[in-house]
Amino acid sequence: MIDRPAAASEPLKLILPDGAVREVAPGTLPRDVVAGIGPRLLNAAVAVEIDGEVQDLTTPLRRGGKFRVLTEKDVKSLDVLRHSAAHILATAVRRLRPDAQIGFGPAIEDGFYYDFGVKEPFTPDDLAAFEAEMRKVVAEKFPFVREEVDRREAKKRFADDPLKLERIDDLGADEIISTYTDGPFIDLCRGPHVPDTGRVQHFALTHAAGAYWRGDEKRPMLQRIYGTAWFTKAELDAYRHRLEEAKRRDHRTLGAALDLYSTDQRVGPGLILWHPKGAIVRSQIEEYEKDLILRHGYELVYTPHVVSEKLFEISGHLQSFKENMFGAMEVEGAAYRPKPMNCPGHICIFESRQRSYRDLPIRYAEFGTVYRYERSGVLHGMLRVRGFTQDDAHVFCTMEQIDGEIARLLDLVDEMLKTFGYPYTVELSTRPEKALGEPERWTWAQDLLARVLEGRGQPFTIDEGGGAFYGPKLDFKLIDAIGRKWQGPTVQLDFNLPERFNLEYIGDDNARHRPFMLHRVLVGSMERFVGGLVEHYAGAFPVWLAPEQVRVLPISDDVREAAAAATERLKAAGLRASLDDRNETLNYRVRDGEMMKVPYLAVIGKREAEQGTVAVRARGASGKKQDIVPLDEFIARVVREKESRTL
RNA sequence: GCUGACGUAGCUCAAUUGGCAGAGCACCUGAUUUGUAAUCAGGCGGUUGCGAGUUCGAUUCUCGCCGUCAGCUCCA
């Protein structure tokens, strides 16, 4: 919402970044202000910012405040550029397909899209044609012209665009309705835009896909065209390079190449087969985590995979999670289901005897395999599957213990994420619209979480309304080696399940009290986490996780025995070592070892066999001089690296 | 689930307008005994995802199903 000026005659105060103040009449164009600062700045300007709000150079100034000129160097300018690129796309599509209905066309991360209502979906040829037409629109340098209109006029202008008419009806009475025109194309749009279409030079259309109108699957499906746009060719090239890098790291490709895991049509979609090498990675993580959580005061439990449906009636899953659950199977007249979550089982263990305040906090942990029905279209490699193992834990505690438990968790998470080399950010998700429990309790819990975070100097952002219906939560977002964000650990406060199960403990006052419950996962799903790790490390696991840590390569048959003995020595030291004595050249076997991303290749020739040494080639050390070291020393070095979990 | 694209040897990909299904790598055998990213030769390998249909003839065209991919919606 844009403030309308209270009194049109009062001058507006613009405070420039250097502290200088300019007074201008309301209605002055930012372009003129920028020109007044410097003509070269006007050339470089993309838009301006007033008190953090971006507007274009040709929108009359309505208010004063901190005034800043956005150039191509500002991150915020990219959104403006991409939004304009979306309009240019629509301009091109409308020229070639006048009957295409126009939907929304916003800027998104790395690019933009525009939704069109068309009878026939677009083909790759269409995209090429649209992109060529866009280049013409750019060459024509149409200015983006903003107009503010009243509702009647807006409806008149978009009389033939039902999607836009619907949007106009949704606009509040006090909202300004504006249109933007570039050459032949007019769009209902809030802006801002770059000055003219000629500013959008470096772009590409990437792909098309169906998208429901307004994200609602009950409404018609539109055709969405995605594109990317940048201010310089170098940035566009860098973006393409990033895509290639992501492709190179794809966990599905690497998983097959490194023989880690697979799926099989006969097993079913979204169900993972862990091969021996993948199982090593997974079990290393599990063993590490087991030690970690035992040190942090957890106790391990196991609960069944298939349980009576009645349990999920009590927990409420059958009511609120049913569409994500596998169907029931009948056993002796009773219905059973694969568990979609581990919490009800852990609660049953808590309830198995009467609990005293002296027992609390109780922390139950399980690597619990759960099954959830996911719609076929959402399945994705290891990252979105139908069966997965959570490193799940539930903490039962008193109200007074919560902040201590949260602090303990933050330590745990920090230690774990450092081990894997992930930087992370923290997000606090608050009360959603439909939530259980009194609002005061939510506020209390949210404040508590915020206080603990602040007390530790941990920066966090707030996701308003992003909490689960049963309680607020903390989400940790991992940042991987190429800057992408992944869902990491989560901690959720639960006001609901203790009520539903009527959980109690006896307090020091000899009265019954309801415990609080925390749900938390660290890696979340082993499947997703390992898939993510593969991409993070590009398949090159650190020694402690590597399925094969050392591969011994005898140069020729006469040192085969020495190499075999060295391999045994490595194994005896607890290392995962293998001997590659295949009848192939050394070059061939070195290449194979590199491609399998083995951390160390230990080459043994005549000299090494005689001296009891190995020629060590560290992964990726192509062209570098090899270290000739005594076998004992090499073993000690790799063991040290393994035990310290060096990255 | 919805929209679109795709599905050929273990993997990556070929196969004029419908006309005998092919290559590289991997695997096996032999030769070679190798000093840091592919030694040479030979061989094995296929109901072209599955099932119908059109046709003298289908990897190719049509329909259905299954799976994968890009998104939408949803999510660990």
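In what follows, chains are A, B, ... by sequence order, proteins preceding strands, each numbered from 1.
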Worksheet item: What integer number of Å spans the P atoms of U68(B) and U59(B)?
Response: 25 Å

Side-chain donor-acceptor pairs under 3.5 Å in residues 550-560 of chain A, sequence neighbours left out?
residue: Arg551(A); atom: NE; partner: Glu548(A); partner atom: OE2; Å: 2.8
residue: Arg551(A); atom: NH1; partner: Asp592(A); partner atom: OD2; Å: 3.0
residue: Arg551(A); atom: NH2; partner: Glu548(A); partner atom: OE1; Å: 3.0
residue: Ser556(A); atom: OG; partner: Asp558(A); partner atom: OD1; Å: 2.3
residue: Arg560(A); atom: NE; partner: Asp581(A); partner atom: OD2; Å: 2.6
residue: Arg560(A); atom: NH2; partner: Asp581(A); partner atom: OD2; Å: 2.7

Discussion item. Could you tell me if Glu464(A) and Thr430(A) have a donor-acceptor pair between their side chains, going purely by distance under 3.5 Å?
Written reply: yes

Discussion item. In this structure, how many angstroms lie between the C1' atom of C6(B) and the CD atom of Gln265(A), rounded?
Written reply: 14 Å

Discussion item. Any donor-acceptor pair under 3.5 Å linking the side-chain atoms of Glu535(A) with those of Trp486(A)?
Written reply: no

Discussion item. Among Gln390(A), Met341(A), His394(A), exactly one meets side-chain contact (heavy atoms from CB on, under 4.5 Å) together with His519(A). Which residue is that?
Written reply: His394(A)

Worksheet item: P atom, G42(B) versus C25(B): distance in rounded Å?
Response: 12 Å

Worksheet item: Can you check whether Gln549(A)'s main-chain N or O pairs, donor with acceptor, with Arg576(A)'s side chain at less than 3.5 Å?
Response: no

Response to the item:
All heavy atoms of Gly103(A) vs all of Trp213(A), minimum pair found to be CA-CZ3, 4.0 Å

Fill in: Rounded C1' spacing from G10(B) to G46(B) in Å
12 Å

Discussion item. Whole angstroms only, please: what is the CG-C1' distance between Asp264(A) and C66(B)?
Written reply: 13 Å

Practice prompt. Look at the aromatic rings of Phe420(A) and Tyr422(A) and report parallel, tilted or perpendicular, splitting at 30° and 60°.
Written response: tilted

Worksheet, complete the sentence: Atom NE2 of His275(A) and atom C1' of C11(B) are separated, to the nearest Å, by 13 Å

Discussion item. Generate the contact string for nucleotides 68-76 of chain B. Rules: B means base contact, S means sugar-phosphate contact only, - means no protein heavy atom under 4.0 Å.
Written reply: SSSBBBBBB

Worksheet item: Which value, in whole Å, describes the distance between the P atoms of nucleotides G18(B) and U12(B)?
Response: 28 Å

Discussion item. Checking base pairs now: Watson-Crick or wobble, both atom distances under 3.5 Å. What partners G22(B)?
Written reply: C13(B)

Practice prompt. For U3(B) versus U73(B), give the span between their P atoms, rounded off to a whole number of Å.
Written response: 16 Å

Discussion item. Does the protein touch nucleotides 31-37 of chain B at the base, only the backbone, or not at all? Give it as B, S and - per nucleotide, heavy atoms under 4.0 Å.
Written reply: BBBBBBB

Discussion item. Please name the nucleotide paired to C61(B) by Watson-Crick or G-U wobble geometry with both distances under 3.5 Å, or report none.
Written reply: G53(B)

Item to complete: Quick one: look up who U3(B) pairs with, Watson-Crick or G-U, both distances under 3.5 Å, and put none if it's unpaired.
Response: A70(B)

Worksheet item: Can Arg520(A) be said to sit on top of Tyr298(A)'s aromatic six-ring, NZ or CZ under 6.0 Å from centre and within 45° of the ring axis?
Response: yes

Worksheet item: Phe112(A) ring centre to Arg82(A) NZ or CZ under 6.0 Å, with the angle to the axis within 45°?
Response: no

Discussion item. Would you measure the distance from the C1' atom in C2(B) across to the matching atom in A38(B) and give it in whole Å?
Written reply: 46 Å

Worksheet item: According to the interplanar angle, ranging from 0 to 90°, do the rings of Tyr600(A) and Phe634(A) count as parallel (below 30°), tilted (30 to 60°) or perpendicular (above 60°)?
Response: perpendicular

Discussion item. Please give the distance between the P atoms of A21(B) and G57(B) as a whole number of Å.
Written reply: 16 Å

Item to complete: Could you work out the separation of U16(B) and U60(B) based on their P atoms and round it to a whole Å?
Response: 13 Å

Discussion item. Partner lookup for U48(B), please. Criteria are Watson-Crick or G-U wobble with both distances under 3.5 angstrom; report none if nothing qualifies.
Written reply: none

Practice prompt. Could you let me know what A31(B) is paired to, Watson-Crick or G-U wobble, both distances under 3.5 Å, or none if it's on its own?
Written response: U39(B)

